[in-house]
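Quick caveat: nothing in here was measured; it's all calculated off a predicted structure.
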Amino acid sequence: MMLKKWLYYLIKLRDKIFIPFAILYILMAALGIYLIEPKRFESYLTSIYWVLTALATVGFGDYTPVTDAGKAYTIFLYITGIGLVGVFIGKVINSIYLIDKLKIGGKMKYTGKNHIILIGWSAKSKLAIEEIFKSDKKIDIVIIDDLEKAPIMAERLFYVRGNATNEKTLLDANLPKATGVIIFANQITQDNYARKDPLLVDGKTLLIATAITTIEEKYHKSVHVTAEVIHQNHIPLFKHAKVDEFIPTQEMISHAAVRSLFSHGATHLFSEMLSTKYGEAMYEIPKQPEWQTYRDAFFDLLSKGATLVADRRDLHINQKLDDKIPEDAQLFVICDKETLDQLNTNTIK
């Protein structure tokens, strides 16, 4: 048993010291040829250059030993060093393979910032990713789930495997530096247990929201959290957990279904407002100094191709056009991306 432990220790030690040993070998080999033939190799840097070309079997021929001692030293270098380079290249390739394996398996920490975290993988998550990438072509997305490997691979898309109620998992996704989090209702729980016990679906989402709140308080950070809530009467509990916004799934589906019967085509309108696939979508814009009333903002935006529809949750702008716009107004418009870019450009000016 002791022999096995020592062998295991030596193998681990070999892996740890191999790269430093390879670097030291190159430096010492360069020093050796520099001392043997100082006239041929006029600088130590030239010696390092020659050793690397020799070990890589490139052999440009611009620098070669001329003395017997130098040639003998070169033969020794070939015998001992070329195998070392082969092992070194193998180590590098193996390291790249291991990194890719860890990334696909969700075992690597995300170290970026200003990203969006999606918790829970489902068809809704996939659609959300497409929508985010359409809205922002530079932002990173981190998916948290417990799947064995990343459900989808793409540029600017990362995967962290683990339980989202666990602090380590959320920190591996770099939650404190995230722009926002979307918690989707667990699909498996929703499909298998919602009818038996509807509390289970929202209960798991609430636990995740509470874990996020705990980290926010611990690190003194504020992250915008949106949660999918299956049952509307659970929303007060999510408010207590400091969730910023809610997607009441069943209520929205029921409302849209009923509206479609009394107003044909209503579902198309909902789809257009909630998606960018039709060219236009809802965006937030800053208040302009020249806008004193909602009427000022409404007609100014209309002339530029945008329609003012809401101030925060207030959708009754058309009934209060002569009211003064408060300083902390959060205005939303419906327009296309080109119009939004133009509005933002004018704001910067």
Side-chain angles (χ1 to χ4, degrees), residues 112-118 123-141 154-157 178-182 184 222-226 228 244-248 252-253 255-256 259-260 263-349:
K113 59 182 180 179
N114 300 327
H115 54 293
I116 292 176
I117 299 175
L118 302 183
K124 290 173 287 188
S125 309
K126 188 175 181 180
L127 291 172
I129 291 169
E130 293 174 0
E131 195 72 21
I132 292 168
F133 282 160
K134 286 179 184 177
S135 302
D136 190 326
K137 299 186 182 300
K138 295 181 179 180
I139 199 165
D140 288 345
I141 300 174
E155 189 179 359
R156 297 186 290 113
L157 192 62
T179 296
V181 179
I182 301 176
F184 289 105
S222 179
V223 181
H224 190 279
V225 180
T226 300
E228 179 186 7
D244 299 285
E245 295 190 51
F246 319 94
I247 309 170
M252 290 179 70
I253 293 173
H255 179 71
R259 286 300 96 205
S260 69
S263 303
H264 297 175
T267 54
H268 298 296
L269 177 61
F270 291 148
S271 297
E272 187 167 348
M273 290 181 66
L274 295 173
S275 174
T276 58
K277 71 180 284 190
Y278 296 97
E280 293 194 344
M282 188 178 294
Y283 300 102
E284 180 183 352
I285 61 165
K287 176 183 178 295
Q288 300 299 308
E290 63 269 23
W291 297 341
Q292 298 301 314
T293 65
Y294 288 109
R295 184 183 299 277
D296 297 336
F298 185 88
F299 285 104
D300 184 35
L301 289 166
L302 196 63
S303 67
K304 295 173 181 175
T307 304
L308 180 64
V309 294
D311 179 0
R312 296 186 184 275
R313 299 179 183 179
D314 186 358
L315 295 169
H316 303 95
I317 298 295
N318 62 328
Q319 298 176 15
K320 50 194 301 186
L321 291 176
D322 293 318
D323 288 6
K324 187 176 180 180
I325 303 176
E327 289 300 322
D328 62 344
Q330 189 177 13
L331 304 177
F332 291 91
V333 298
I334 291 179
C335 64
D336 56 33
K337 196 68 169 63
E338 290 73 18
T339 302
L340 178 68
D341 292 338
Q342 187 62 41
L343 291 172
N344 289 333
T345 301
N346 293 337
T347 300
I348 294 173
K349 291 179 180 179

* To do: Measure the shortest side-chain to side-chain distance between D296 and Q288 over non-hydrogen atoms and say whether it is less than 4.5 angstrom.
  => no

* **Side chain to side chain, I139 and N114, heavy atoms closer than 4.5 Å** => no

* **D244 side chain to V225 backbone, donor-acceptor under 3.5 Å** => yes

* Working to the nearest 0.5 Å, report the span between CD1 of I325 and CZ of R295. => 12.0 Å

* Structure fact -> dist I141:CD1 -> I182:CD1 (nearest 0.5 Å) comes out at 8.5 Å

* For residues L301 and L343, determine if any side-chain heavy atom of one lies less than 4.5 Å from a side-chain heavy atom of the other. => yes

* Residue pair D311 / P326, side-chain heavy-atom distance below 4.5 Å -> yes

* To do: Please examine the side chains of D136 and I116, heavy atoms only from C-beta on, and report whether any two atoms are closer than 4.5 Å.
  => no

* To do: Would you mind reporting whether L127 and K124 have side-chain heavy atoms less than 4.5 Å apart?
  => no

* Given L308, L302, T307, the one that forms side chain to side chain contact (heavy atoms under 4.5 Å, CB included) with V333 -> L308

* **Point-to-point distance, once rounded to the nearest 0.5 Å, from NZ of K287 to CG of D328** => 10.5 Å

* Stepwise, does the side-chain contact (heavy atoms from CB on, under 4.5 Å) test hold for R156 with H115? -> CA-CA 9 Å; R156 297 186 290 113; H115 54 293; over 6 Å; no

* Asked: Is there side-chain contact between Y294 and L331, with heavy atoms separated by less than 4.5 Å?
  -> yes

* Asked: With a 4.5 Å heavy-atom cut-off, do T226 and H224 have their side chains touching?
  -> yes

* What's the spacing between I132 CD1 and K137 NZ if we round to 0.5 Å? -> 13.5 Å

